[in-house]
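Working notes for the structure below.
Quick caveat, the model's predicted, so the values are computed rather than measured. Letters go in sequence order (proteins before strands), and every chain restarts at 1.
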Amino acid sequence: MKIENIKDEFPIFDEKILNNDLVYLDSANSSQKPKVVADKINEFYTKQFSNVGRSVHYLAVAATNLYENTRSSVQKYINAKDKNEIVFTKGATEALNLVANTLGQKYLNDGDEILITELEHHSNYVPWHFLRKSKNIKINFAEVNENGDISLEDIEKKITSKTKVIAITHLSNVTGAILPIKEITDLAHSKGIIVVIDGCQGAPHLKLDMQDLDCDFYAISCHKMYGPTGLGVLYGKKKWLEELPPYQGGGGMIREVKKDKISYGDLPNKYEAGTMATAQVIAFDQSIKFMESIGIENIMKHEADLVEYGQELLQKNNSVKLIGNPKNKGGVLSFTLEGVHPHDIATILDEDGVAIRAGHHCCQILHDKLNIPASARASVGIYNTKDDLDKLNESINNCKKIFNLK
Amino acid sequence: MKIENIKDEFPIFDEKILNNDLVYLDSANSSQKPKVVADKINEFYTKQFSNVGRSVHYLAVAATNLYENTRSSVQKYINAKDKNEIVFTKGATEALNLVANTLGQKYLNDGDEILITELEHHSNYVPWHFLRKSKNIKINFAEVNENGDISLEDIEKKITSKTKVIAITHLSNVTGAILPIKEITDLAHSKGIIVVIDGCQGAPHLKLDMQDLDCDFYAISCHKMYGPTGLGVLYGKKKWLEELPPYQGGGGMIREVKKDKISYGDLPNKYEAGTMATAQVIAFDQSIKFMESIGIENIMKHEADLVEYGQELLQKNNSVKLIGNPKNKGGVLSFTLEGVHPHDIATILDEDGVAIRAGHHCCQILHDKLNIPASARASVGIYNTKDDLDKLNESINNCKKIFNLK
Amino acid sequence: MNLKELYQEIILEHGKNPRNLGKVHEFNKDAKGHNPLCGDNVHVYLKLNGQKIVEDISFEGSGCAISMASASIMTDLIKGKNEHEAKEIVEDFLGMIKENPDLKSEYLKEDEKTKLMCLSGVKQYPMRVKCATLSWHTFTSAMDNSKEITNTES
Amino acid sequence: MNLKELYQEIILEHGKNPRNLGKVHEFNKDAKGHNPLCGDNVHVYLKLNGQKIVEDISFEGSGCAISMASASIMTDLIKGKNEHEAKEIVEDFLGMIKENPDLKSEYLKEDEKTKLMCLSGVKQYPMRVKCATLSWHTFTSAMDNSKEITNTES
Ligand SMILES: Cc1ncc(COP(=O)(O)O)c(C=O)c1O
Ligand SMILES: Cc1ncc(COP(=O)(O)O)c(C=O)c1O
């Protein structure tokens, strides 16, 4: 599939939003869905529906096969070694909670330290904070530098003899910084430290290879990857998933249940308690296939072009201040406009059909550091074009006019 | 809407399954989906998609309104006092884990006891078992009687001065017993005991009124209620939801995040961390409206007629042994066939297009008690007819022929 | 919809140079308000004297033009009013933002009404209504001596 | 599909009266198998003598007709075979259940092949394949002295 015409695959772009064509620049928040994904969900609910894995009738067998096919597709897509290293969750946030909680139960002890960064999304901070509360665990922060980036050097500096886990984002959802996660993983492993990667912004935009990367955990948010809402993927090394205790208890994750004792099932069942997001998992296979049909290299090139173009546009625009100028930058353009609050920017842009996000983007630590309460953020996906960024820029100019800025 | 023609609203019944019309008797596992639900999901993904609550642009505002509308619909449907007593989860299993985990964090102490029943689904036992492991908490079991029922008397007998929580199913997914949950709640409250109800089988089939029932928590599984997969509802009394700590941490559930401390948001945000199952929540509004358009009284009458009819049929059928003959029985017909393993029954029935479930239905304690490894289970939903039960009976006869039974 | 109606000059001016920003000296009532959607926080301080008159009122916080302007205009109008008058003005304002075309209160002079009506443009922007009402709800909490943080969600 | 092919008389008969049910006296190898889908459990015991011959073999467990018949027939055929022969028979059987139309092993007599072929009907019932293969995988685990529980899911 050619990336040039890819907008055609997304039905929403046929809609008029407030009489405008939709200029969707909020993909870091959630991506739009290609027709194949919506169609698959519809087909499943109207022609094939059954719960998976629990019945032996025809529909249940078919659904179970579809469900497990997605697991295999994800495994291949991220090049995991084993199919059972893929656990479906309700989202990346749950995936990160699962890791923090189970490491907390079995691996972390009083006095241990966890290293995160000032760039982290609340979903990769609050779950660790829970451990700080329940156990006597310390959280350290690697510092964001003036480019909105985290350096390997600062990570190294912040590691102590008590650091047990490094939990870190692959790509900042505010500054767009792509972190050197392979180097960080190598460094961490040389000191026996577990590496947990928040891959929410990495997975939709970057090439993934778990065996090469060698991290211990990697969390993915499917709705940002052209997939359904209510679904996430946790990649975890088999060794860890086998060693750690289960997270939620219920149907499907057990082996044997007695009144005085319970034994748990094997992977991946152990971490998939209760009826899972069946339809969503089954449809997510289409998201993966869709991305594969375009090719991640093409996606990366397309988005890199867009960022470069957008960055130049905004840098040239008076009163616009871009946030973050990291060495490697993903498709996120966060900015402030002198004297105009981001929420006002977002409202004015919306009137032109330009959808962006305003706020702290679940990164209060970073915004505190930057000494701003909020920022405006335009973020790209495969369907965006340079034309979209031109419209963004025009609309920002409209905003300046209203606020009497030059 | 008239219940007589309701099959027409479910597209799957237009399909041929192995050249047969589908006789779907696996609704206790998961229900089929009406067209309105599938359509709403499709419409949302193709025409209206956005993440909720995080952006101020047009699509985000619209999605947030739709999302919150469902919360109001659920509130009204179950007659909860406050909209914020409705928490969306990924399923009933997560809802029960949330309750057990947060009660475990703040309310339960070493030596406390939890009373459950021998009828409980693993999803209402394993989460409490986790507390038995992490804290020194004891789990007691109310005993199932010869009718497959739990009596108020036995509950009363099993309550001790240390009982802090009674966690109990509304309707057994194996024997069909409808438990006297109002009486149990009154009794429990008179002794200061918290009541948690596993409403997975109650919500799709019985009239719910939280204010009248007065239980502390009630867990609902949306995919069993003609709704999407990957979604559950936890009803919790405001007082508890306010007092208990959060369950998962991440974006959306915070108020203020600092490096040294974090404060949490108000209800319902506090319990809805990360991007939620947006499309599923939005579509679930259609499930509620669909059930309302038929009327729960009509649904209850229709299903009661079916159970009575099916029970009579199977009772007259030689070699078939029905499991459970409770005073109040919901739409579940579990049975064994002398000398034929339930999996063989299910395979043979499937060949006739009759979809039932075989296994322990996530109730090993009960099956141990009944001294059988597994059972066959036919369960009904609004779309079933007496004709479906006739076909079930015929197919059982076919099974008997193959196994040379009389 | 009309952005010009939302961002009238008077809103932009109050947004940029909000009146009564800071902390009232010797305040005897205060409350915090929070808008979970955008993260805006506001803190309203006031001094209610023996005659139940709002002798002085101020606010702290940062936010969008709408919320700053609204807090600025509110504090301007409330100052000097007694409890009963203030409550009626709040109700009148909230009613206007929600559904009423006009302001009705006798306690507002014509030029004050004109000023307040400038905020009516947010009606067409449901997501921004909370920006306009946050400080007003917070003022009510302060008067009621509520210890809870006012939350525009509920 | 054809139920008559799946539930042949010989299957029903072995399912009802399984051979070698119980625990081999003085077994020196054993393994447990588990089918998470239906909850079936099987425990295979065997006595491997100095010449690497399966002197005796048995199983414990309960399950559907297919799994009981398969375990029953397997133990019947494996008894008396040496390690090499047994392993070839297992592979031959698993291959037949998966894809091959026939059994090829030299170590099986014609009537033994006929007996085993009775299980080939499960091919058309993907969900039941695991019922037929569980005891065979478990036998392999026992031979390999594996301490893990055999799981038909993996
Ligand atoms: C009685 C009962 N409780 C709990 C559950 C678990 O619900 P879910 O799998 O939707 O989380 C079920 C359904 O499987 C059930 O029938
Ligand atoms: C970097 C990052 N981490 C975590 C998350 C949380 O993901 P989700 O909301 O899908 O659980 C997000 C998205 O909101 C994100 O951008």
Fill in the blank from the handout: Rounded to the nearest 0.5 angstrom, the NE2-CG distance for B:His57 and A:Asp352 is 14.0 Å
Exercise for the section: Quick one: do A:Thr93 and B:Thr275 satisfy side chain to side chain contact (heavy atoms under 4.5 Å, CB included)? Show the steps, please. Expected result: CA-CA 8 Å; A:Thr93 298; B:Thr275 298; over 6 Å; no
Practice task
Return yes if some donor-acceptor pair links the side-chain N/O of B:Tyr58 with the main-chain N/O of A:Glu351 below 3.5 Å, else return no.
Solution key: no
Problem - Contact class of B:Ser31 relative to chain A, heavy atoms under 4.5 angstrom - result: backbone
Handout entry: Partner chain B: residue of A:Glu118, A:His122, A:Met253 with the largest heavy-atom pair count (under 4.5 Å)
Key = A:His122
Completion exercise
Looking only at heavy atoms, the pair that brings A:Ile12 and B:Gln48 closest together is CD1-N, 3.8 Å
Practice task
Taking all non-hydrogen atoms of both residues into account, name the closest pair between B:Ala346 and A:Val56 and its distance.
Solution key: CB-CG2, 3.2 Å
Practice task
Please report the shortest heavy-atom distance between B:Arg255 and A:Gln364, naming the atom on each side.
Solution key: O-NE2, 3.5 Å
Completion exercise
Looking only at B:Ala355, B:Cys363, B:Pro127, B:Gly232, the option with the highest number of non-hydrogen pairs under 4.5 Å against chain A is B:Ala355
Problem - Shortest non-hydrogen separation from A:Gln248 to B:Asn97 and the atoms involved - result: CA-OD1, 3.4 Å
Practice task
Side chain from CB out, backbone as N, CA, C, O: work out which of these in B:Ile262 comes under 4.5 Å of a heavy atom of chain A, or both, or neither.
Solution key: both
Practice task
Can you tell which part of A:Pro228 gets under 4.5 Å to a heavy atom of chain B, answering side chain, backbone, both or neither?
Solution key: both
Problem - Distance, nearest 0.5 Å, that separates OH of B:Tyr264 from NE2 of A:His129 - result: 3.5 Å
Exercise for the section: Using atom types as modelled and distance alone, determine if a side-chain donor or acceptor of B:Ser123 lies under 3.5 Å from a backbone N or O of A:Gly274. Expected result: no
Practice task
To the nearest 0.5 angstrom, please state how far the CZ atom of B:Phe49 sits from the CZ atom of A:Phe10.
Solution key: 11.5 Å
Practice task
Look at the aromatic rings of B:Tyr247 and A:Tyr247 and report parallel, tilted or perpendicular, splitting at 30° and 60°.
Solution key: parallel
Exercise for the section: Determine, stepwise, if the pair A:Thr278 / B:His223 fulfils side chain to side chain contact (heavy atoms under 4.5 Å, CB included). Expected result: CA-CA 10 Å; A:Thr278 318; B:His223 69 96; over 6 Å; no
Problem - Closest contact, heavy atoms only, A:Cys362 versus B:Gly251 - result: SG-CA, 3.7 Å
Practice task
Report yes if the side chains of B:Glu15 and A:Leu59 come closer than 4.5 Å at any heavy-atom pair, otherwise no.
Solution key: no
Exercise for the section: Rounded to the nearest 0.5 Å, what's the gap from CD on B:Glu94 to CD on A:Glu94? Could you check? Expected result: 5.5 Å
Handout entry: Choice from B:Lys90, B:Gln32, B:Arg132 maximising heavy atom contacts with chain A below 4.5 Å
Key = B:Lys90
Practice task
Decide if atom NZ of B:Lys135 counts as having more than 12 heavy atoms of other residues, nucleotides or ligands within a radius under 6.0 Å.
Solution key: yes
Exercise for the section: Apply side chain to side chain contact (heavy atoms under 4.5 Å, CB included) to the pair B:Asn42 and A:Ile41, showing each step before the final yes or no. Expected result: CA-CA 8 Å; B:Asn42 204 52; A:Ile41 295 179; over 6 Å; no
Practice task
Look only at the side chain of B:Thr229 and the backbone of A:Ala279, and say whether a donor-acceptor pair between them is shorter than 3.5 Å.
Solution key: yes
Handout entry: When A:Lys33, A:Glu256, A:Lys133 are compared by non-hydrogen pairs under 4.5 Å with chain B, the top option
Key = A:Lys33
Practice task
Not counting sequence neighbours, which residues clear side-chain hydrogen bond (donor to acceptor under 3.5 Å, both in side chains) with A:Asn140? List them please.
Solution key: A:Glu113
Practice task
Could you tell me which portion of B:Ile356 (side chain, backbone, both or neither) has an atom closer than 4.5 angstrom to a non-hydrogen atom of chain A?
Solution key: backbone
Practice task
Determine whether the side chains of A:Asn29 and B:Asn51 contain a donor N or O and an acceptor N or O closer than 3.5 Å.
Solution key: yes
Problem - Residue B:Asp260 versus chain A: region with a heavy atom under 4.5 Å - result: backbone
Practice task
With a 4.5 angstrom heavy-atom cut-off, could you sort out which part of B:Phe130 is near chain A: side chain, backbone, both or neither?
Solution key: side chain
Exercise for the section: Determine yes or no for a side-chain-to-main-chain donor-acceptor pair under 3.5 angstrom, with B:Tyr125 supplying the side chain and A:Lys259 the backbone. Expected result: yes
Handout entry: chain B contact via A:Arg377 - which portion, at a heavy-atom distance below 4.5 Å
Key = neither
Completion exercise
One option among B:Gln105, B:Lys261, B:Met276, B:Lys258 has the most heavy-atom pairs under 4.5 Å with chain A, and it is B:Lys258
Handout entry: Part of B:Lys35 lying under 4.5 Å from any heavy atom of chain A
Key = neither
Exercise for the section: Write out all pairs satisfying salt bridge (charged side-chain N to carboxylate O under 4.0 Å, His left out) with one or both partners inside residues 55-64 of chain B, taking only residues at least two apart or from two chains. Expected result: none
